[in-house]
Amino acid sequence: MQNSKFPVNLEVEKTGEMIYFSQLDLTLILKRALRRANLPNYFTKGFRPHIKISFKDALRLGKEGKLIVTFYFNEKLTPNKIIAKLNSEFPLGLEIKKINE
């Protein structure tokens with residue numbers, strides 16, 4: 001079991017029909033996209049481990065805008081690899097705009 005955790009702050013834009021999804025739904029959508037992208041995701045410790053992500057702020061339901069989301073990985077990845085893999089798995093209306101170092 002690996003103990004190293006590499007956080008990556010992403011700026012994700014939410015537009016179109018995605019504005020009708022709540023913060024809880026968005027969390028599930030992001031976790032599914034991370035699983036499908038086959039990235040080295042960091043899992044929480046405990047009885048029921050899950051993919052670790054965190055949000056800086058929530059975006060109101062029905063509003064377009066940008067979210068700052070922190071994804072955690074088991075190894076250091078290049079920003080281009082993260083953007084390419086995740087944007088291909090995100091639904092229409094969600095897109096990574098940039099990675100904040």
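Predicted model only: the values in this text are computed from it and were never measured. Quick note: numbers below take in every heavy atom, side chains included, and nothing from hydrogens, waters or symmetry partners. Along the sequence shown, residues are numbered consecutively beginning with 1.
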Pairwise distance NZ(Lys45) to NZ(Lys52) - rounded to 0.5 angstrom: 10.5 Å

Point-to-point distance, once rounded to the nearest 0.5 Å, from CG of Leu30 to CZ of Phe90: 5.0 Å

CZ-CG distance between Phe21 and Leu94, expressed to the nearest 0.5 angstrom: 9.0 Å

Point-to-point distance, once rounded to the nearest 0.5 Å, from CG of Leu39 to CD of Glu75: 9.0 Å

Within-4.5 Å side-chain heavy-atom neighbours: Tyr72 and Ser54: yes

Shared hydrophobic cluster for Leu86 and Phe43 (ILVMFWY, side-chain gaps under 4.5 Å): yes

Check: Asn41 and Phe73 side chains under 4.5 Å, non-hydrogen atoms: yes

Short side-chain to backbone donor-acceptor contact, Thr44 and His50, under 3.5 Å: yes

side-chain contact (heavy atoms from CB on, under 4.5 Å) between Ile82 and Asn80, worked out: CA-CA 5 Å; Ile82 296 169; Asn80 292 335; over 6 Å; no

Partner set under salt bridge (charged side-chain N to carboxylate O under 4.0 Å, His left out) for Arg36, not counting sequence neighbours: Glu89

Any donor-acceptor N/O pair, Lys85 side chain to Leu34 backbone, under 3.5 Å: no

Phe55, CZ: over 12 other non-hydrogen atoms inside 6.0 angstrom: yes

Single hit among Leu92, Leu59, Leu26, Val12 for side-chain contact (heavy atoms from CB on, under 4.5 Å) with Met18: Leu26

Ile99 side, atom CD1; Lys81 side, atom NZ - distance, nearest 0.5 Å: 12.0 Å

Any donor-acceptor N/O pair, Asn87 side chain to Ile96 backbone, under 3.5 Å: yes

Pairing residues for Glu11 by the side chain to side chain contact (heavy atoms under 4.5 Å, CB included) criterion, not counting sequence neighbours: Lys66, Ile68, Lys97, Lys98, Asn100

Student check: side-chain heavy atoms of Phe71 and Leu10 closer than 4.5 Å: yes

Short side-chain to backbone donor-acceptor contact, Asn9 and Thr70, under 3.5 Å: no

pair Pro91-Ile29: side-chain heavy atoms closer than 4.5 Å: yes

Worked check of side-chain contact (heavy atoms from CB on, under 4.5 Å) between Ser4 and Tyr42: CA-CA 9 Å; Ser4 54; Tyr42 180 84; over 6 Å; no

ILVMFWY cluster, Leu67 and Ile19 together (side-chain gap under 4.5 Å): no

